[in-house]
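Read through the structure below, which is laid out as structure tokens, and then see the notes.
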Amino acid sequence: MDTCQVASLYISVLARSSYSSGQRCCFNRKIERAVIKYLQKKRMSPSQIHQDMTSTLGESTVSYGIAERWCRMLKCGRTSCEDEHSFGLSKTVTTPENINKVYDLVLPDRRVTI
């Protein structure tokens, strides 16, 4: 689905679905970014984009700062509306099996580091 198709879905789907309850999800963020990309290609400024999205979707849309940041990234050559892989803390899973493994390591020698 290209950016123009996503932008047309933006008005027809989001304005009456999850935005009416004030909820936002990952799928909606991708569509919002695609709309920002589309409106920027139509030579709209970040303030005009934010004003348009706010008038259509109300206060539950992206902030002006987010719209401005995405316009800047798109202007610098970014093409994807997807989230980038973030580095930092890895995702962990706490299961009884993992807890028992840690206990087995730590209880015999409390000076051990994990």
Side-chain angles (χ1 to χ4, degrees):
M1 183 180 299
D2 69 350
T3 305
C4 296
Q5 292 171 332
V6 171
S8 66
L9 286 174
Y10 150 72
I11 294 172
S12 63
V13 174
L14 291 181
R16 60 188 164 156
S17 64
S18 64
Y19 277 97
S20 61
S21 63
Q23 297 175 352
R24 293 179 67 208
C25 70
C26 183
F27 178 71
N28 290 347
R29 279 182 272 169
K30 290 177 192 174
I31 292 177
E32 287 172 334
R33 293 169 187 167
V35 170
I36 291 170
K37 183 177 180 178
Y38 170 75
L39 295 175
Q40 186 186 30
K41 286 186 178 208
K42 291 183 77 171
R43 306 255 187 239
M44 291 178 73
S45 69
S47 60
Q48 291 171 323
I49 292 171
H50 179 257
Q51 184 178 16
D52 180 71
M53 292 178 76
T54 303
S55 67
T56 305
L57 300 173
E59 294 298 319
S60 63
T61 188
V62 295
S63 67
Y64 170 74
I66 298 294
E68 183 181 34
R69 183 176 68 177
W70 272 94
C71 285
R72 187 173 46 249
M73 287 190 294
L74 292 166
K75 192 174 184 179
C76 290
R78 182 169 179 158
T79 57
S80 173
C81 294
E82 300 283 327
D83 285 331
E84 290 182 346
H85 178 68
S86 60
F87 296 99
L89 294 177
S90 61
K91 295 181 181 183
T92 59
V93 178
T94 304
T95 62
E97 181 181 306
N98 289 344
I99 292 171
N100 289 335
K101 286 181 182 178
V102 171
Y103 281 145
D104 290 342
L105 287 171
V106 174
L107 288 179
D109 182 10
R110 294 184 184 260
R111 293 184 192 163
V112 71
T113 58
I114 298 174

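This is a predicted model, so every value here is computed, not measured.
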Original post:
Could you go step by step and tell me if Ser47 and His50 meet the side-chain contact (heavy atoms from CB on, under 4.5 Å) rule?
Top reply: CA-CA 5 Å; Ser47 60; His50 179 257; 5.8 Å; no
**OP:** Begin with the C-alpha distance, continue with both residues' side-chain angles, and end with the deciding distance and a verdict on side-chain contact (heavy atoms from CB on, under 4.5 Å) for Ser63 and Ile66.
**Re:** CA-CA 5 Å; Ser63 67; Ile66 298 294; 3.2 Å; yes
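Between atom OG1 of residue Thr95 and atom NZ of residue Lys101 there is a gap of 7.5 Å, rounded to the nearest 0.5 Å. Here the straight-line distance linking atom SG of Cys71 with atom CD1 of Ile49 works out to 3.5 Å at 0.5 Å rounding. The distance from atom CG of Asp52 to atom NZ of Lys42, rounded to the nearest 0.5 Å, is 9.0 Å. Note: Gln40 CD to Trp70 CH2 = 11.0 Å, rounded to the nearest 0.5 Å. For the atom pair OG1 (Thr56) and CD (Gln51), the distance works out to 10.0 Å, reported to the nearest 0.5 Å. Within the model, atoms CE of Met53 and OH of Tyr64 stand 14.0 Å from one another, a figure rounded to the nearest 0.5 Å.
With Lys37 contributing its side chain and Thr79 its backbone, the two residues share a donor-acceptor pair below 3.5 Å.
Ile99 and Leu107 fall within the same hydrophobic cluster, where Ile, Leu, Val, Met, Phe, Trp and Tyr residues are linked whenever their side-chain heavy atoms come under 4.5 Å apart, directly or through other members.
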